[in-house]
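Keep in mind that what you see is a predicted model, and the values were worked out from it rather than measured.
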Amino acid sequence: MAIERTFSMIKPDATARNLTGAITKMLEDAGLRVIASKRVWMSRRQAEGFYAVHKDRPFFDELCEFMSSGPTVVQVLEGENAIAKNREIMGATNPADAAEGTIRKLYAKSIGENSVHGSDAPETAEQEIRYWFSEVELVG
Ligand code: IDP
């Protein structure tokens with residue numbers, strides 16, 4: 001299995017509850033390595049750019065408002081099958097549908113304020129990493 005990189009974000013509802021360490025520990029315990037990490041309070045414009053793929057969805061405004069409402073922690077994770085593994089640990093978008101033991105089941109407040117983001121494919125992982133990090137910030 002190839003070593004992959006993926007982009008992960010701890011969202012404002014989770015940083016507000018001081019869950020950065022707890023969430024990062026779950027990722028590390030699953031074998032993912034944090035090779036870049038920084039705390040970012042994104043602007044509305046940065047949120048709109050990051051979530052541009054969702055611009056026609058009914059929840060776009062609400063999502064960008066939420067994502068720029070407080071600090072986030074943006075991270076790059078590395079490991080075997082990192083993209084799928086991160087998605088598995090995160091759990092389903094809606095915490096009501098998330099499996100037991102997943103981050104969203106444990107911590108998400110709602111379908112919108114759902115504590116974490118994780119890239120869903122190699123192409124998006126690459127784009128999202130590039131959106132927040134420069135090459136020299138990735139220390140594998
Ligand atoms: P994902 O984060 O599990 O990949 P997406 O469908 O890509 O889910 O949606 C991106 C983000 O948009 C979600 O994580 C959530 O924060 C927000 N979102 C998705 N659906 C809704 C909704 O119905 N209402 C409010 N926010 C939503």
Side-chain angles (χ1 to χ4, degrees):
M1 182 68 70
I3 298 290
E4 274 179 347
R5 287 178 175 179
T6 191
F7 175 77
S8 163
M9 183 156 49
I10 301 173
K11 296 185 178 183
D13 67 286
T15 61
R17 286 174 289 153
N18 215 18
L19 293 169
T20 299
I23 289 172
T24 302
K25 181 161 174 21
M26 289 177 73
L27 301 171
E28 290 181 335
D29 285 349
L32 296 169
R33 181 173 294 273
V34 180
I35 65 159
S37 183
K38 62 188 175 191
R39 195 166 162 96
V40 170
W41 191 324
M42 70 180 76
S43 65
R44 175 74 192 225
R45 213 184 159 88
Q46 282 176 308
E48 288 170 0
F50 182 72
Y51 280 114
V53 65
H54 293 311
K55 67 178 182 340
D56 296 325
R57 309 280 287 275
F59 56 81
F60 182 67
D61 268 358
E62 182 190 331
L63 174 61
C64 294
E65 187 65 31
F66 165 58
M67 292 304 298
S68 55
S69 69
T72 67
V73 177
V74 291
Q75 298 179 318
V76 180
L77 309 176
E78 188 176 81
E80 275 185 16
N81 213 9
I83 296 167
K85 192 178 276 181
N86 184 35
R87 298 283 301 182
E88 195 183 316
I89 304 160
M90 287 164 53
T93 309
N94 187 344
D97 301 329
E100 288 299 329
T102 60
I103 295 170
R104 284 168 166 170
K105 180 71 176 186
L106 277 168
Y107 298 127
K109 295 169 79 172
S110 64
I111 190 170
E113 301 195 14
N114 60 4
S115 302
V116 281
H117 167 88
S119 310
D120 59 5
E123 303 73 40
T124 46
E126 203 186 310
Q127 283 167 16
E128 292 174 356
I129 290 169
R130 244 188 293 118
Y131 193 85
W132 294 109
F133 292 97
S134 64
E135 198 58 37
V136 291
E137 291 179 288
L138 311 180
V139 185

At what distance, to the nearest 0.5 angstrom, does [atom1] of [X] lie from [atom2] of [Y]?
{"X": "Ile103", "Y": "Asn114", "atom1": "CD1", "atom2": "CG", "value": "10.5 Å"}
{"X": "Asn86", "Y": "Glu88", "atom1": "CG", "atom2": "CD", "value": "10.0 Å"}
{"X": "Lys11", "Y": "Arg104", "atom1": "NZ", "atom2": "CZ", "value": "5.5 Å"}

For residues 52-63, tabulate all N or O donor-acceptor pairs below 3.5 Å that involve a side-chain atom, not counting sequence neighbours.
residue: His54; atom: ND1; partner: Arg57; partner atom: NH1; Å: 3.1
residue: Asp61; atom: OD1; partner: Arg44; partner atom: NH2; Å: 3.2

Holding to salt bridge (charged side-chain N to carboxylate O under 4.0 Å, His left out), I want the full list of residues that pass it with [X], two or more places apart in sequence or in another chain.
{"X": "Glu80", "value": "none"}
{"X": "Arg130", "value": "Glu126"}
{"X": "Arg5", "value": "Glu78"}

Do [X] and [Y] belong to the same hydrophobic cluster, where Ile, Leu, Val, Met, Phe, Trp and Tyr are linked whenever their side-chain heavy atoms lie under 4.5 Å apart, directly or via other members?
{"X": "Met67", "Y": "Val40", "result": "yes"}
{"X": "Val73", "Y": "Leu19", "result": "yes"}
{"X": "Tyr51", "Y": "Ile129", "result": "yes"}
{"X": "Leu106", "Y": "Met90", "result": "yes"}
{"X": "Met26", "Y": "Leu32", "result": "yes"}

Check against side-chain contact (heavy atoms from CB on, under 4.5 Å), Tyr107 and Val116: CA-CA 9 Å; Tyr107 298 127; Val116 281; over 6 Å; no
Ile89 and Thr102: CA distance, side-chain angles, deciding distance, side-chain contact (heavy atoms from CB on, under 4.5 Å) verdict: CA-CA 5 Å; Ile89 304 160; Thr102 60; over 6 Å; no
All side-chain hydrogen bond (donor to acceptor under 3.5 Å, both in side chains) counterparts of Asn94, not counting sequence neighbours: none
For a quick test of reading the model, state the closest non-hydrogen atom pair linking [X] to [Y] and the distance between them.
{"X": "Pro71", "Y": "Arg39", "result": "CG-NH2, 3.5 Å"}
{"X": "Leu27", "Y": "Ser8", "result": "CD1-OG, 4.1 Å"}
{"X": "Ser115", "Y": "Ala14", "result": "O-CB, 3.8 Å"}
{"X": "Thr15", "Y": "Pro12", "result": "OG1-O, 3.3 Å"}

Run the side-chain donor-acceptor check on residues 131-140: report pairs under 3.5 Å with partners two or more places apart or on a different chain.
residue: Tyr131; atom: OH; partner: Gln46; partner atom: O; Å: 2.8
residue: Tyr131; atom: OH; partner: Phe50; partner atom: N; Å: 3.2
residue: Ser134; atom: OG; partner: Glu137; partner atom: OE1; Å: 3.3
residue: Glu137; atom: OE1; partner: Lys38; partner atom: NZ; Å: 3.3
residue: Glu137; atom: OE1; partner: Ser134; partner atom: N; Å: 2.8
residue: Glu137; atom: OE2; partner: Lys38; partner atom: NZ; Å: 3.1

Over 12 foreign heavy atoms within 6.0 Å of CG, Asn18: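 No, not enclosed.
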Within 6.0 Å of CZ in Arg33, more than 12 heavy atoms from elsewhere: no
Taking [Y]'s backbone N and O only, do any of them form a donor-acceptor pair with [X]'s side chain (distance below 3.5 Å, no angle check)?
{"X": "Thr24", "Y": "Gly21", "result": "no"}
{"X": "Thr124", "Y": "Ser119", "result": "no"}
{"X": "Arg87", "Y": "Ile83", "result": "no"}

Any His117 side-chain heavy atom under 4.5 Å of Thr72 side chain: no
Validation row: Met9, Glu128 side chains within 4.5 angstrom (heavy atoms):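 No, side chains not in contact.
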